[in-house]
Structures are given as C-alpha cells and as structure tokens.
Amino acid sequence: MKYKVLKSAAHNFGRSFASTLNWRGNDYVMSHLARAVVTSGEVELSVDLLSGQAQPTALLDGPVQASVTDYVRWFPDLLRSQRVVPEAVRAATMRMRFQPERRVELHGGMGGWTIPFECVVSLTDDHGKVHQGRVVGDWAVDNFNIPPSWRRRLARWVSDLWRSWRQYRFKQATLTRGVVGSRCSPPGR
C-alpha cells in the first residue's frame, strides 16, 4: 500500500461532503449545515469517521445526521477504491468550520447569502503519520422567499443556456479559424 494516497483520500472525502452531490431532505447538506451554524451560533462540526460520533448536536439536524451516517458508512469503501487498506487508518476525523462573521448577502433577483467554510479531513496511518486534506471555499445558501425547487429549475435553465452559448461561441471560433473537422470538442462535452 502507498501511504501517500491517504492525503488524496482525505481531500476526496472532504470535497465530496462539501459538494452539491451531498443532498438530503429538500436541500444540500452544506446549506442545512450553514443555516444551523447561523441560527445556533456553533461554528464547527466535528466527526470521527471511524466511530461515527459527531458533535455538536445543534448542527446535527435530520438531513445532516443522515448524511454524516452515510458518509461514515462509505468511508472504508472510499479507502479501498484508492487502494488503501482501511485497517491502516488508525484515526480519521473531519472538521467542518464556518465563519458566520464573514457571511455576505447576495444581491440580485434570487437573494441568499454566502458563508466561508473550511473542511479538514485528517487521517492517521498505522505509522503515526497524519495526512490532511483541506477544502476551503464559500457556500451559497438560498433565501426562502422563492421556493427552492423553482430556484433550482431557474439555475439549471441558466446553466444550460450558458453552456449552449459557450458551445455556439466555440463553433464560431473554430469556423473562423478554419479548423472545421478537427478533433477538438466544445467545452462541456
């Protein structure tokens, strides 16, 4: 086993948890979590990836708890998929920390706000070495003045429109350069 892949596994775990692929209930888990941070005053979720214990309870509403449970269950499979023997990991934690004091209101037709976060996944191998994966970013949370399903349909429509425009511009650029029939494919394909 190559121990250097543990840093990658840690990063991949954190990236997956803090992504739009992590959906529970009626919204993204990160949105549920960010709202709980703002209302409760608790700023950090801590999860032991081996035992499944998580705290504080103020951040563990139904969808967040369900997601944490599923991710803890998936963790050994992630390790195996990266050719890591799960038994080689002696300790594994995830810390998701938000910065509510740096929250910024979004202006525009849809409203909402963004909040900075940092997700640090630490894996300690059987030699005692700690491997960390770090994901840093801003999470956008919607307001409730527009039903989320309507807003998601609008966002999807705008995304499709933007992708079509880029493909059109790419085709126009290749035609004007005389590169017709090249093996290049437009972005998004």
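By the 4.5 Å heavy-atom criterion applied to side chains, Val64 and Leu59 are not counted as neighbours. Side-chain contact between Pro100 and Val43 is present, with heavy atoms from C-beta onward closer than 4.5 Å. A heavy-atom distance below 4.5 Å is not found between the side chains of Ser67 and Asp70. Residues Val135 and His11 have side chains in contact (heavy-atom distance under 4.5 Å, counting atoms from C-beta outward).
Across all their heavy atoms, Gly14 and Cys119 have their closest contact at CA-SG, 3.8 Å. For the residue pair Ala140 and Ser31, the shortest heavy atom distance occurs at O-OG, 4.0 Å. Taking every heavy atom of both residues into account, Ala10 and His131 meet most closely at CB-O, 4.2 Å. The shortest heavy-atom contact between Asn22 and Phe17 is ND2-O, 3.0 Å. The two residues Val29 and Pro63 make their nearest non-hydrogen contact at CG2-O, 4.2 Å. For the pair Leu123 and Ala92, the tightest heavy-atom approach, listed with the atom from each and the gap, is CD2-CB, 3.5 Å.
For Tyr71 (side chain) and Ser16 (main-chain N/O), a donor-acceptor pair under 3.5 Å exists by modelled atom type. Side-chain atoms of Gln82 come within 3.5 Å of backbone atoms of Ala9 as a donor-acceptor pair (strictly under, hydrogens ignored). The main-chain N or O of Arg24 is found under 3.5 Å from a side-chain atom of His32 such that the two form a donor-acceptor pair.
When hydrophobic clusters are built by joining Ile, Leu, Val, Met, Phe, Trp and Tyr residues whose side-chain heavy atoms come closer than 4.5 Å, directly or via intermediates, Val130 is not grouped with Leu78. Placement of Leu45 and Val38 within a single hydrophobic cluster is found when ILVMFWY residues are connected by side-chain heavy-atom separations under 4.5 Å, directly or transitively. Under the 4.5 Å side-chain heavy-atom criterion for grouping Ile, Leu, Val, Met, Phe, Trp and Tyr, Trp23 is connected to Leu60 within one hydrophobic cluster. Trp113 is not connected to Val104 by any chain of hydrophobic side-chain contacts under 4.5 Å among Ile, Leu, Val, Met, Phe, Trp and Tyr, and they are in different clusters. One hydrophobic cluster holds both Val5 and Val85 under the rule that ILVMFWY side chains link at heavy-atom gaps under 4.5 Å.
Note on ring orientation: taking the six-membered ring where Trp is involved, the planes of Phe117 and Trp139 are perpendicular (angle over 60°, cut-offs 30° and 60°).
Rounded to the nearest 0.5 Å, atoms CG (Asp126) and CZ (Arg90) are 5.0 Å apart. Summarising the geometry, atom CD belonging to Glu42 is positioned 9.5 Å from atom CD belonging to Gln55; distances are rounded to the nearest 0.5 Å. With values rounded to the nearest 0.5 angstrom, Leu33 atom CG is found 11.0 Å from Glu44 atom CD. Asp138 CG to Gln99 CD: the interatomic distance, rounded to the nearest 0.5 Å, is 8.5 Å. Taken to the nearest 0.5 Å, the CZ atom of Arg134 stands 7.5 Å off from the OG atom of Ser122. A distance of 14.0 Å separates CG in Asp125 from NZ in Lys7, rounded to the nearest 0.5 Å.
Counted within 6.0 Å of OH on Tyr3, heavy atoms from surrounding residues, nucleotides or ligands total more than 12; the atom is thus considered enclosed. Counting non-hydrogen atoms of other residues, nucleotides and ligands closer than 6.0 Å to CD of Gln53 gives a total of 12 or fewer.
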For this session: Take Leu50 and Phe75 through the test side chain to side chain contact (heavy atoms under 4.5 Å, CB included) and record every step on the way to the result.
Result: CA-CA 8 Å; Leu50 299 181; Phe75 180 64; 4.0 Å; yes

For this session: Could you go through the salt bridge (Lys or Arg N to Asp or Glu O under 4.0 Å) check for Asp27 and Arg35 one step at a time?
Result: CA-CA 11 Å; Asp27 209 346; Arg35 286 186 192 103; 2.9 Å; yes

